[in-house]
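Okay, structure first, notes after.
Chain naming here is simple, since letters A, B, ... match the order of the sequence lines and numbering starts at 1 in each.
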There are 2 protein chains.
Amino acid sequence: MTINTIPLQHALKHNHNECVSEAMATAEHLCMERGVQLTPIRHKVLELIWESHKAVKAYELLDRLKPLQKAAKPATIYRALDFLIDQGLIHRVESLNAFVGCRCSSYQHEQLLLICKHCEEVEERSAKEVMSALSEDTQKAGFTIHSKAIEIHGICKNCQNLTIDQNQSVIL
Amino acid sequence: MTINTIPLQHALKHNHNECVSEAMATAEHLCMERGVQLTPIRHKVLELIWESHKAVKAYELLDRLKPLQKAAKPATIYRALDFLIDQGLIHRVESLNAFVGCRCSSYQHEQLLLICKHCEEVEERSAKEVMSALSEDTQKAGFTIHSKAIEIHGICKNCQNLTIDQNQSVIL
DNA sequence: TGTTAAATGCTATATTATAAATTCTGCTCT
DNA sequence: AGAGCAGAATTTATAATATAGCATTTAACA
């Protein structure tokens with residue numbers, strides 16, 4: 001007899017509705033403040049991205065947007081994504097060609113992403129010490145930083161615990 | 001009258017032939033030691049990658065391989081790249097979907113890549129302090145690292161100097 | 001030398017992303 | 001209200017990146 005286990009959706013361990021509505025409220029507020037338009041399409045795409053803490057692919061978003069926006073084409077999604085990235089509302093996860101909601105402050109958009117191979121959720125960390133070590137090192141190298149992509153793949157705390165405490169896992 | 005300037009190929013500032021032959025010798029040696037085959041195709045692809053210190057695209061490699069290997073198809077290149085990555089002989093640059101030669105020791109493959117927007121060259125740094133800060137921070141988060149992609153975009157020392165000392169630039 | 005595993009060849013296709021021209025929409029200025 | 005404008009969205013086409021799956025060849029070695 002084999003028992004397969006899947007990770008609990010860690011998202012369920014917090015109040016995800018609250019999490020999303022907070023993110024959306026912040027986004028709406030920031031766009032207002034900046035005088036840029038969080039149009040219905042952009043709003044919807046951002047909501048779709050926030051449905052989980054996993055990084056989501058552009059064409060997956062497209063499929064999910066289509067029922068709501070019959071005319072949606074790749075360009076629809078990519079233009080929305082470009083906007084959201086410009087506004088610092090999402091991160092592009094380079095190593096996955098995917099996108100994830102961003103909750104960093106507008107002034108601290110460059111963060112470290114912890115990407116779990118098991119549950120696929122992406123955790124943002126500001127990691128001050130890492131960033132300052134990085135600044136110091138690049139300065140030594142005479143390199144002027146414009147942007148950073150720091151993506152760490154591995155197993156998150158929750159998934160690690162699952163393998164220890166099987167009670168937290170789900171039997172398929 | 002307009003004067004356009006291009007960066008010197010920084011590669012020309014060092015003995016690049018030596019640089020390449022060293023890289024190839026190391027690769028040959030490592031593969032020998034590991035009992036894996038650095039076949040003619042893999043060897044050639046690695047050489048093509050080492051032609052510069054820029055990150056190079058898969059289909060660019062394919063175009064350059066074709067004259068030497070008539071049968072070359074996308075899979076030819078991707079299979080060679082997979083092998084070279086597995087052996088730690090090249091890095092995949094996630095934020096560029098491109099590949100660059102790796103000169104880190106076999107035990108220290110995870111490095112920090114400084115990617116210059118101007119000359120496009122990629123510099124590897126081991127950045128011990130950054131890495132240890134990173135280990136510490138991820139440990140705090142309870143995250144177990146499997147792999148890292150740390151990619152910093154900006155302007156390298158040489159290109160920075162060019163904009164200051166125009167004598168080092170080339171008039172087109 | 002026959003067997004086998006690895007490497008390559010070959011064809012097709014999936015996935016990710018952009019270009020460029022047009023139309024729509026909402027706003028401002030008169 | 002209506003002309004003009006700018007940003008947003010649509011539409012069509014295609015570029016760029018990457019993999020799947022099966023056939024054939026090569027090379028290692030028992």
Side-chain angles (χ1 to χ4, degrees), chain A residues 27-28 31-32 34-49 54-87 89-100 120 149 151, chain B residues 27-28 30-49 54-87 89-100 120 149 151:
Chain A
E28 286 159 15
C31 289
M32 191 75 82
R34 293 170 183 169
V36 295
Q37 299 180 56
L38 190 62
T39 63
I41 288 178
R42 292 164 177 176
H43 193 276
K44 191 65 211 172
V45 170
L46 185 55
E47 277 182 339
L48 288 172
I49 289 172
K54 298 180 187 184
V56 56
K57 302 269 186 176
Y59 278 71
E60 203 176 312
L61 287 171
L62 180 53
D63 289 342
R64 294 208 251 143
L65 181 61
K66 270 179 183 162
L68 307 159
Q69 187 73 20
K70 308 286 177 175
K73 298 273 180 316
T76 315
I77 288 293
Y78 281 104
R79 272 183 297 108
L81 291 170
D82 285 347
F83 171 87
L84 296 170
I85 289 168
D86 284 348
Q87 297 302 322
L89 301 173
I90 62 173
H91 288 289
R92 183 184 155 82
V93 184
E94 302 290 353
S95 51
L96 298 175
N97 294 328
F99 306 85
V100 73
E120 297 177 357
E151 303 179 3
Chain B
E28 288 160 14
L30 278 176
C31 288
M32 191 76 80
E33 215 173 50
R34 294 170 183 170
V36 295
Q37 299 182 57
L38 191 61
T39 62
I41 288 177
R42 292 164 177 178
H43 193 277
K44 191 66 211 172
V45 170
L46 185 55
E47 276 182 340
L48 288 172
I49 289 172
K54 298 179 187 183
V56 55
K57 301 270 187 176
Y59 278 71
E60 204 177 310
L61 287 170
L62 179 54
D63 289 341
R64 295 209 251 143
L65 181 61
K66 270 180 183 159
L68 308 158
Q69 187 75 19
K70 308 288 175 169
K73 297 276 179 315
T76 314
I77 289 292
Y78 281 104
R79 281 196 293 232
L81 291 171
D82 284 347
F83 171 86
L84 296 170
I85 289 167
D86 283 348
Q87 297 304 320
L89 301 173
I90 62 174
H91 287 289
R92 181 182 157 85
V93 185
E94 302 290 354
S95 51
L96 298 175
N97 294 328
F99 305 85
V100 73
E120 297 178 358
E151 303 179 3

- Task: State, yes or no, whether a side-chain contact exists between Val36(A) and Asp86(A) at a heavy-atom distance under 4.5 Å.
- Result: no
- Message: As a quick check of understanding, evaluate side chain to side chain donor-acceptor pair (under 3.5 Å) for Arg34(B) and Gln87(B), giving each step before the final call.
- Response: CA-CA 9 Å; Arg34(B) 294 170 183 170; Gln87(B) 297 304 320; 2.9 Å; yes
- Query: So which nucleotide from dA18(D), dA17(C), dA28(D) ends up closest to the side chain of Gln37(B)?
  - Reply: dA28(D)
- Item | Nearest-nucleotide pick for Arg42(B), side chain only, options being dA18(D), dA17(C), dA7(C) | dA7(C)
Calculate the interatomic distance between [X] atom [atom1] and [N] atom [atom2]; express it in whole Å.
{"X": "Arg92(B)", "N": "dA18(D)", "atom1": "CZ", "atom2": "C1'", "answer": "9 Å"}
{"X": "Leu38(B)", "N": "dA28(D)", "atom1": "CG", "atom2": "P", "answer": "13 Å"}
{"X": "Leu68(A)", "N": "dA9(D)", "atom1": "CG", "atom2": "P", "answer": "15 Å"}
{"X": "Ile41(A)", "N": "dG7(D)", "atom1": "CD1", "atom2": "P", "answer": "17 Å"}
{"X": "Asp86(B)", "N": "dA6(C)", "atom1": "CG", "atom2": "C1'", "answer": "14 Å"}
{"X": "Leu62(A)", "N": "dT11(D)", "atom1": "CG", "atom2": "P", "answer": "13 Å"}
{"X": "Asp82(A)", "N": "dA9(D)", "atom1": "CG", "atom2": "C1'", "answer": "14 Å"}
{"X": "Ile77(B)", "N": "dC10(C)", "atom1": "CD1", "atom2": "C1'", "answer": "15 Å"}

- Query: Base, sugar-phosphate, or nothing: which does Ala72(B) touch, judged by heavy atoms less than 4.0 Å apart?
  - Reply: nothing
Please check: side-chain N/O of [X] versus main-chain N/O of [Y], any donor-acceptor pairing under 3.5 Å?
{"X": "Arg42(A)", "Y": "Phe83(A)", "answer": "no"}
{"X": "Lys57(B)", "Y": "Leu96(B)", "answer": "yes"}
{"X": "Glu151(A)", "Y": "Glu94(A)", "answer": "yes"}

Tell me whether the OP1 or OP2 atom of [N] has a side-chain N or O from [X] closer than 4.0 Å.
{"X": "Arg79(B)", "N": "dG9(C)", "value": "no"}
{"X": "Tyr78(A)", "N": "dA17(C)", "value": "yes"}
{"X": "Thr39(B)", "N": "dA6(C)", "value": "no"}
{"X": "Lys73(B)", "N": "dT8(C)", "value": "no"}
{"X": "Asn97(B)", "N": "dA18(D)", "value": "yes"}

- Starting at the 5' end of DNA chain C, which residue's closest nucleotide do you reach first, Ala98(A) or Ala75(B)? Ala75(B)
- Using heavy atoms to find the nearest nucleotide of DNA chain D for Gln69(A) and Tyr59(A) separately, return the residue whose nucleotide is more 5′. Gln69(A)
